[in-house]
Amino acid sequence: MADYLQILSAIALVFVAVYYYLTSTFDFWRRKGVPGPDPIPVFGTIKDVLLKKATIGVHIRQLYEKYKNEPLIGIFISGTPNAVVCDMDLIKDVLIKDFSVFDNRGIVFNEKVEPLTNHIFNLEVKRWRPLRTRLTPVFTSGKLKEMFHLIMECSEHLEKYLVKLEQEGEPIEFREVAAKFTTDVIGSCVFGINMNALSSKESEFRRMGKKVFSTSLWDTLKFTFREFLPKLYFFIMSLQPYSNGTKFFIRVVSDTIKYREENNVIRPDFMNMLKELKNHPEKLQDIELTDNLLAAQAMVFFAAGFETSSTTICHALYEMALNPQMQEKLRAEIKEFSIKNNGSIKYDDIKEMKYLDKVFKETLRKYPPGAMVRRKCNSDYTFSNTKVTIPKGTRVLVPVLGIHHDPSIYPNPEVFDPERFNQEAVALRHPMSYLPFGDGPRNCIGARFAVYQTKMGIIKTLTNFKVDVCEKTMIPYESNPRAIIYSPKGGIYLKLSKVTN
């Protein structure tokens, strides 16, 4: 009997110890006077996120709405305290004014286990800063203008592909069409390769792109495991060989640079910039410039460039199908510039298309691909005009989706209204009320490129075609709870028909 009591006592002691370990931080925000939901062991305050009922961005939006008018919300990702910053002035402090304190994103990665994760989006500031300095010139207005003819070539392929799809007469899943287009654009402008994603046969690059953003149960579980138990995840993955996708990107980048060097090929694209870095590693100071590091930069621009832009294209077309009068107004503007240039669109025309710009911005307002911005403080920090101090290493989240759907900022936020972005309306809003590309020094480096390829995808679709809702169109809209970025659940199906006038 005594033995059983000892065993039961030992079990109880272990249970108490584990429970204490899992809940030892749970009074963190209460002691600081910061409101937030009550955490539970293992899950913290993000049970729905871990169970894949909602993305982290959607979950943070729900908290933003629940704790309306609070400058800060305290949450727990498992047992780790995270701060959600809701006050616009505090957001500006984090992203811009006090950037030197919040210069890292706080994303856990292991480049030895997953070599393509040591890219500019993830990198700590020591390597991020010189890389950002050297890569930024490829996205200047001048460089983009040099690349514009490459985007135009891909848009011509898109138009031919749409002719074929229209003739088939079936509802079209536009997210996949847009993804094929942006894959071709990225392939041409980043890798200098004709990827043929718009051909009838699926290209290898398109297959790799699908894999990067896969929402299958297995890939979702892996992503969750990596986010919340990184040490155990990386230990297990270190026992595995590199994935086929990793081998593919490393090989493509290495072979492309080698071919260009041997054949003296010079193109105004991202790969040329990587080749220059490889030939002049001294420009990156103390950074070890490996083939894997170069491949990682190319991979992240491929992945982020095609997925975010293609999602924005399909969201814009979805809203144009739901709002035919807006679609007609946009088409009239596109045709006005097309007629002026004998049927073509020039680089400078896109900047002058005012209504297209409003539609584009309102699309990103309502459907921001990056529903949340994340930073990590590198020292203890006290938020302005508060008594709240967070310790070094605390992650800070900015609820982009919540802000973009805040009725006190954007009245009737679920209504698609491009006029929210006329000059007068924009001037009345706080600059931190619109953050589709983030803000501050670590904003999206490829934002200008994304704007042009997305707008060209919209232009080429609507110049000679009309999009309408059909029996397969998702109404009302639902986001995918498993997706990495804010994107539609099940795709966007629309009817495509030729414009008769």
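Everything numeric here is computed off the predicted structure, so don't read it as measured data. Along the sequence shown, the residues carry numbers beginning at 1.
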Any side-chain donor paired with an acceptor under 3.5 Å for Asn104 and Asn378? no
Taking atom NZ of Lys247 as the centre, report whether more than 12 heavy atoms of other residues, nucleotides or ligands fall under 6.0 Å from it. yes
Taking the cut-offs as 6.0 angstrom to the six-membered ring centre and 45 degrees off its axis, would you call Lys32 and Phe28 a cation-pi pair? yes
Find the distance between NZ (Lys354) and CG (Leu356) and round it off to the nearest 0.5 Å. 11.0 Å
Would you say Thr140's side chain and Pro137's backbone share a donor-acceptor pair under 3.5 angstrom? yes
Reported CD1-to-OG distance for the pair Ile492 and Ser310, which is rounded to 0.5 angstrom: 11.5 Å
Using modelled atom types and a 3.5 Å cut-off, is there a donor and acceptor pairing between side-chain atoms of Trp29 and backbone atoms of Ile73? no
Using the ring of each side chain (for Trp, its six-membered ring), is Tyr381 parallel, tilted or perpendicular to Phe383, with breaks at 30° and 60°? perpendicular
Does the ring center of Phe99 lie less than 6.0 Å from the ring center of Trp128? yes
Atom of His59, atom of Thr45 and distance for their closest heavy-atom approach: NE2-O, 2.9 Å
Taking atom types as modelled and ignoring hydrogens, do the side chains of Thr290 and Asn292 form a donor-acceptor contact shorter than 3.5 angstrom? no
Report the distance from atom CD1 of Ile56 to atom CD1 of Ile484, rounding to the nearest 0.5 Å. 13.5 Å
Point-to-point distance, once rounded to the nearest 0.5 Å, from CG of Leu401 to CG of Asp406: 11.5 Å
Closest contact, heavy atoms only, Ile96 versus Gly440: CG1-CA, 3.8 Å
Donor-acceptor contact present, side-chain Asp380 to main-chain Lys392, <3.5 Å: yes
Given the side-chain rings of Tyr318 and Phe174, with only the six-membered ring counted for Trp, is the space between their centroids under 6.0 Å? no
Here the salt bridge (Lys or Arg N to Asp or Glu O under 4.0 Å) pairs for residues 355-372, sequence neighbours left out, are Glu319-Lys366, Asp357-Lys361, Asp357-Lys455, Lys358-Glu419, Glu362-Arg365, Glu362-Arg420
Could you give me the CA-CA distance, side-chain angles and deciding distance for Tyr410 and Val415, then say whether side-chain contact (heavy atoms from CB on, under 4.5 Å) is met? CA-CA 9 Å; Tyr410 300 100; Val415 173; over 6 Å; no
Residue pairs meeting salt bridge (Lys or Arg N to Asp or Glu O under 4.0 Å), one or both in residues 84-96, sequence neighbours left out, come to none
Going through the distances and angles, do Arg375 and Arg105 end up as a side-chain contact (heavy atoms from CB on, under 4.5 Å)? CA-CA 4 Å; Arg375 295 289 187 268; Arg105 293 189 188 274; 3.0 Å; yes
Counting only heavy atoms not in Glu414 (residues, nucleotides, ligands), do more than 12 fall under 6.0 Å from its CD? yes
Would you say Tyr64's side chain and Ile403's backbone share a donor-acceptor pair under 3.5 angstrom? no
For Lys275, does the NZ atom sit with more than 12 other heavy atoms under 6.0 Å from it, leaving out its own atoms? yes
Look at the rings of Phe139 and Phe270 and say which category their plane angle falls in: under 30° parallel, 30 to 60° tilted, over 60° perpendicular. tilted
Tell me, with the steps shown, if Leu72 and Val85 meet side-chain contact (heavy atoms from CB on, under 4.5 Å). CA-CA 5 Å; Leu72 295 166; Val85 184; 3.8 Å; yes
When you look at Val108 and Asn122, which way does the side-chain contact (heavy atoms from CB on, under 4.5 Å) test go after all the steps? CA-CA 8 Å; Val108 179; Asn122 288 347; over 6 Å; no
Answer yes or no: does atom CG of Asp38 have more than 12 heavy-atom neighbours from other residues, nucleotides or ligands under 6.0 Å? no
Using a 3.5 Å distance criterion without hydrogens, assess whether the side chain of Gln297 forms a donor-acceptor pair with backbone atoms of Ile120. yes
Rounded to the nearest 0.5 Å, what's the gap from CG on Leu144 to CD1 on Ile350? Could you check? 8.5 Å
Exercise: identify the closest heavy-atom pair between Asp291 and Ser254: OD2-OG, 4.2 Å
Which atom pair, heavy atoms only, marks the closest approach of Lys68 to Ser408? NZ-OG, 3.5 Å
Is the distance from the ring center of Phe416 to that of Tyr477 below 6.0 Å? no
Counting distance only, does the side-chain N/O of Thr454 pair as donor-acceptor with the main-chain N or O of Val451 below 3.5 Å? no
What do you reckon, are the aromatic ring centroids of Tyr452 and Tyr347 less than 6.0 Å apart? yes
Is a side-chain N or O of Thr312 found less than 3.5 angstrom from the main chain of Thr308, in a donor-acceptor match? yes
All pairs passing side-chain hydrogen bond (donor to acceptor under 3.5 Å, both in side chains) where residues 432-450 contributes a residue, at least two apart: Arg132-Asn443
Thr394 and Pro81: which non-hydrogen atoms are nearest, and at how many Å? CG2-O, 3.9 Å
Counting neighbours of CG on Asp27 that are heavy atoms of other residues, nucleotides or ligands and sit closer than 6.0 Å, is the number greater than 12? yes
Grab the two heavy atoms, one from Leu150 and one from Cys189, that are nearest each other, plus how far apart they are. CB-SG, 3.8 Å
Supply the atom-to-atom distance Met372 CE to Ile60 CD1, rounded to the nearest 0.5 angstrom. 6.5 Å
